[in-house]
Amino acid sequence: MQNHEIAKILDEVADMLEVSEDSFFRVRAYRNAARIIRDHPLPIAQMDLKQMRELPGIGADMAGKLKSLVDTGDFDVRRQLAGKIPTGLIELLRLPGLGPKRVRLLSERLRIRDIDDLKKALGAGALRTVRGFGSRMEQQLAQALIGEKHAARARLMYAEAAQSARALLDYLHREAAVEHVEVAGSFRRRKETVGDLDVLALSAAPAAVMEHFLRFDAIKQVLGKGDTKSSVLLSGGLQVDLRVVARESYGAAMVYFTGSQAHGVHLRRIAQSRGMLLNEYGLFRGAERVAGASEEEVYRALGLPLIAPELREDRGEIEAAAAGRLPRLLAREDLRGDLHSHSTYTDGRASIEQMAVRAREAGLDYLAVTDHSRRVAMAHGLDPLRLRDQWREIEAVAKRVEGIALLRGIEVDILDDGSLDLPDDVLAELDWVVASVHYKLSQSAKEMTRRMIAAMRNPHVDVIGHPSGRLLTGREPSEFDLDEVLHVACEEGCALEVNSQPERLDLTDSACLKAKHAGVKLVVSSDAHHPRDFALLEYGVNQARRGWLEPADVLNTRPLAQLRQR
DNA sequence: GCCGTTTTCGGCCCGACTGTTTTCAGTCG
């Protein structure tokens, strides 16, 4: 049983406990445990009771339940709740305006057990007979049920959200009362997908800012508006929450709205333990404001150094900060080269020379030209003959374009059985070999693991490209045993890629962290198919930073000479 | 259900906005 599966079950139990009006704190204990387990780099299923108990937020009781879940597939509390609460009822929680209290009310008063029941009750006008439900609620629910399929729309990819964010910020800057404005939330934490934009504005005249905001022409619907906070839906479906705060509160508000929620809760607990109160307006001791204008100030007053937004997930960053052991995170400027790019020899859109020139402009010292191998027929993949042809071209361009070193590379396909799409003697003549899976992504975990390991065992392979093959636009990651792959990668000195394409971002942040712990090196690559794609490296760096990666963990931070003698 | 630099019992993060109320509960982030 995978960590995310365990976490999902714990969250479901928390939902059921909430609907049955169990203790709020018990519910929170389950949610907390779910989050801890979801984020944990090692498989919980392989831990014994003692190791489970050592996780923060998992006590003796929870550890026992987890053990039972892993061993038998279920545990006492879950069994009891499942007999009492229909699963359809839990799904109602996802509807807007419906929380545990109202769902329970619906179930008791109207015998509603699932979404179908709710639809019928709405149609019969039965809802308004229940205390706490009025016409607005009926309307809201009816609308949500009509748009049910659309409501489940995916979160936006970070790069997409960035476009909306830029347009919105440009617009907000036009109001003179806005002294400063930034996007906080998961966007600022650089999560790979973003559900909404939390925008924070600094102003002494909140009313003017609100008024201006609500006139933004991309707004489709105003979900709520107040003196300091408003929520809207943009025409693209993205939700935006705007908060306006005063100067003395800006830092505290930034901490608060950047989140994550778990990080914030942890900070507020620390504040409390020191006899202070932390909220979005500041850090207070009694009536005295101890800090609030800047984030640095707030963290410092809690005895901590500033923590990078990308780390704020309560995955140990607060403990690391307290111990003075925060990582020195990778930055875009640390990257000296790009080790995955394409040209018109296969499916790239620009010549080797155009790519080289732009890579140099992007501040890179070296670029590996890694076109596809023949198996990728769609891209007119290279056979040994055309590959040798390309080497002559690389050599010629290297003479014409100064200031950047070009490496002879390949993105060689990993075939179904783990063998490579080009013979060893050809691979031996290359400076840099990326090995990637492009076909038969749906093999069993066992087959895929064996396939990747076979590729890594080939001494010419330097890095595995986009290891999971997942696309945020809808393709699930292929299944394989990450621990096993990391083990072999470490053994063979084979690196894993962090692919910067916005829809790939593969490896994920938590896989980066796992790789780091396993002693495996990473490569942050653009996988550029166009000269402008070198700008995408920013996204790969975001992902790497969320995975706690430091420059030393990433091979292409090294000068070329050092990379070669690896 | 977790946890301990006041505690092994008695706490547990915090506030804005909405809808439905006539002073507040529920939801949301």
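Every chain is numbered from 1, with letters handed out A, B, ... down the list of sequences. Computed from a predicted structure; not experimentally measured.
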Original post:
Of the nucleotides B:dG1, B:dG29, B:dG15, which has the atom closest to the A:Tyr30 side chain?
Top reply: B:dG1
Original post:
Out of B:dG1, B:dC12, B:dT20, which nucleotide sits closest to the side chain of A:Arg136?
Top reply: B:dT20
Subject >> Smallest separation among heavy atoms of A:Leu242 and A:Met210, with atom names >> reply: O-CE, 3.7 Å
Subject >> Verdict with supporting geometry, A:Glu192 and A:Arg546, salt bridge (charged side-chain N to carboxylate O under 4.0 Å, His left out) >> reply: CA-CA 10 Å; A:Glu192 60 190 26; A:Arg546 288 184 51 80; over 6 Å; no
**OP:** Calculate the interatomic distance between A:Leu283 atom CG and B:dC13 atom P; express it in whole Å.
**Re:** 16 Å
**OP:** Would you classify A:Asp227 as touching base, sugar-phosphate or nothing, given that sugar-phosphate means primed atoms plus P, OP1 and OP2, and contacts are heavy atoms under 4.0 Å?
**Re:** sugar-phosphate
Original post:
Expressed in whole Å, how much space separates the P atoms belonging to B:dG4 and B:dC13?
Top reply: 14 Å
Subject >> 5′-ward residue of the pair A:Arg268/A:Ser23 relative to DNA chain B >> reply: A:Ser23
**OP:** Just grab all the ring pair (Phe, Tyr, Trp, His ring centres under 6.0 Å) pairs involving residues 213-252 of chain A, residues at least two apart or on different chains.
**Re:** A:Tyr171-A:Phe216, A:His180-A:Tyr250
Original post:
Counting side-chain heavy atoms from CB outward, which of B:dC13, B:dT20, B:dG1 is closest to A:Arg269?
Top reply: B:dC13
Subject >> A:Glu138 CD to B:dT20 P, straight-line distance once rounded to whole Å >> reply: 9 Å
**OP:** Provide the distance between the two C1' atoms, one in B:dT8 and one in B:dC3, to the nearest whole Å.
**Re:** 9 Å
Original post:
Taking the side chain from A:Glu550 and the backbone from A:Arg328, do they hold a donor-acceptor pair closer than 3.5 Å?
Top reply: yes
**OP:** Among the candidates B:dC2, B:dG29, B:dT27, find the nucleotide nearest to the side-chain atoms of A:Asp198.
**Re:** B:dG29
**OP:** May I have the distance from A:Leu55 (atom CG) to B:dC3 (atom C1'), rounded to whole angstrom?
**Re:** 15 Å
Subject >> Options B:dC14, B:dG26, B:dC17, nucleotide nearest the side-chain atoms of A:Asn279 >> reply: B:dC14
Original post:
With a non-hydrogen cut-off below 4.0 angstrom, is A:Ser231 in contact with a base, only sugar-phosphate, or nothing?
Top reply: nothing
Original post:
With a non-hydrogen cut-off below 4.0 angstrom, is A:Leu277 in contact with a base, only sugar-phosphate, or nothing?
Top reply: sugar-phosphate
Original post:
Can you find a side chain N or O atom of A:Tyr256 that sits less than 4.0 Å from OP1 or OP2 on B:dA16?
Top reply: no
**OP:** Output yes when at least one side-chain N/O atom of A:Lys65 is less than 4.0 Å from OP1 or OP2 of B:dG1, else no.
**Re:** yes
**OP:** Scan every strand shown for a Watson-Crick or G-U wobble partner of B:dT8, both distances under 3.5 Å, and answer none if you come up empty.
**Re:** none
Original post:
Rounding to a whole Å, what distance do you find between A:Leu242:CG and B:dC17:P?
Top reply: 11 Å
**OP:** Locate the shortest heavy-atom distance separating A:Ala121 from A:Ile112; write the atom from each residue and the value.
**Re:** CB-CD1, 3.8 Å
**OP:** With DNA chain B as reference, determine whether A:Gln140 or A:Leu98 sits nearer its 5' end, using the nearest nucleotide of each.
**Re:** A:Gln140
**OP:** Pick the P atom in B:dT22 and in B:dC12, then give their distance to the nearest Å.
**Re:** 30 Å
Original post:
Should A:Ser273 be listed as having a side-chain N or O under 4.0 Å from OP1 or OP2 of B:dC13?
Top reply: no
Subject >> Integer angstrom distance from the C1' of B:dG26 to that of B:dT20 >> reply: 11 Å
Original post:
Between B:dC13, B:dG15, B:dG1, which nucleotide has the shortest distance from any of its atoms to the side chain of A:Tyr281?
Top reply: B:dG15
**OP:** Tell me which nucleotide among B:dC14, B:dC2, B:dT27 gets nearest to the side chain of A:Pro100.
**Re:** B:dT27
Original post:
What is the distance from CG of A:Leu17 to P of B:dG1, rounded to the nearest Å?
Top reply: 8 Å
Subject >> Euclidean distance, atom CG of residue A:Asp61 to atom P of B:dC3 [Å, nearest integer] >> reply: 11 Å
Subject >> Minimal non-hydrogen separation, A:Lys65 against A:Asp76, with atom names >> reply: NZ-OD1, 3.5 Å
**OP:** Quote, to the nearest angstrom, the C1' distance that separates B:dC17 from B:dT23.
**Re:** 16 Å
Original post:
Minimum heavy-atom separation for A:Tyr281 to A:Ser249, with atom names?
Top reply: O-OG, 2.8 Å
**OP:** To the nearest Å, give me how far apart CG (A:Leu105) and C1' (B:dT20) are.
**Re:** 13 Å
Original post:
Just how far, in rounded Å, is C1' of B:dG29 from CE of A:Met254?
Top reply: 16 Å
Subject >> Closest nucleotide among B:dG15, B:dC13, B:dC2 to the A:Phe25 side chain >> reply: B:dC13
Subject >> Residue A:Arg28, side-chain heavy atoms: nucleotide from B:dC17, B:dC13, B:dC2 that is nearest >> reply: B:dC13
Original post:
For A:Cys512 and A:Val498, which heavy atoms make the closest approach, and how far apart are they?
Top reply: SG-CG2, 3.7 Å
Original post:
In whole Å, what separates the C1' atom of B:dT5 from that of B:dA16?
Top reply: 35 Å
Subject >> Nearest listed nucleotide, side chain of A:Gln272, among B:dG1, B:dC14, B:dT20 >> reply: B:dC14
Original post:
NA contact type, A:Val77, heavy-atom cut-off 4.0 Å: base, sugar-phosphate, or nothing?
Top reply: sugar-phosphate
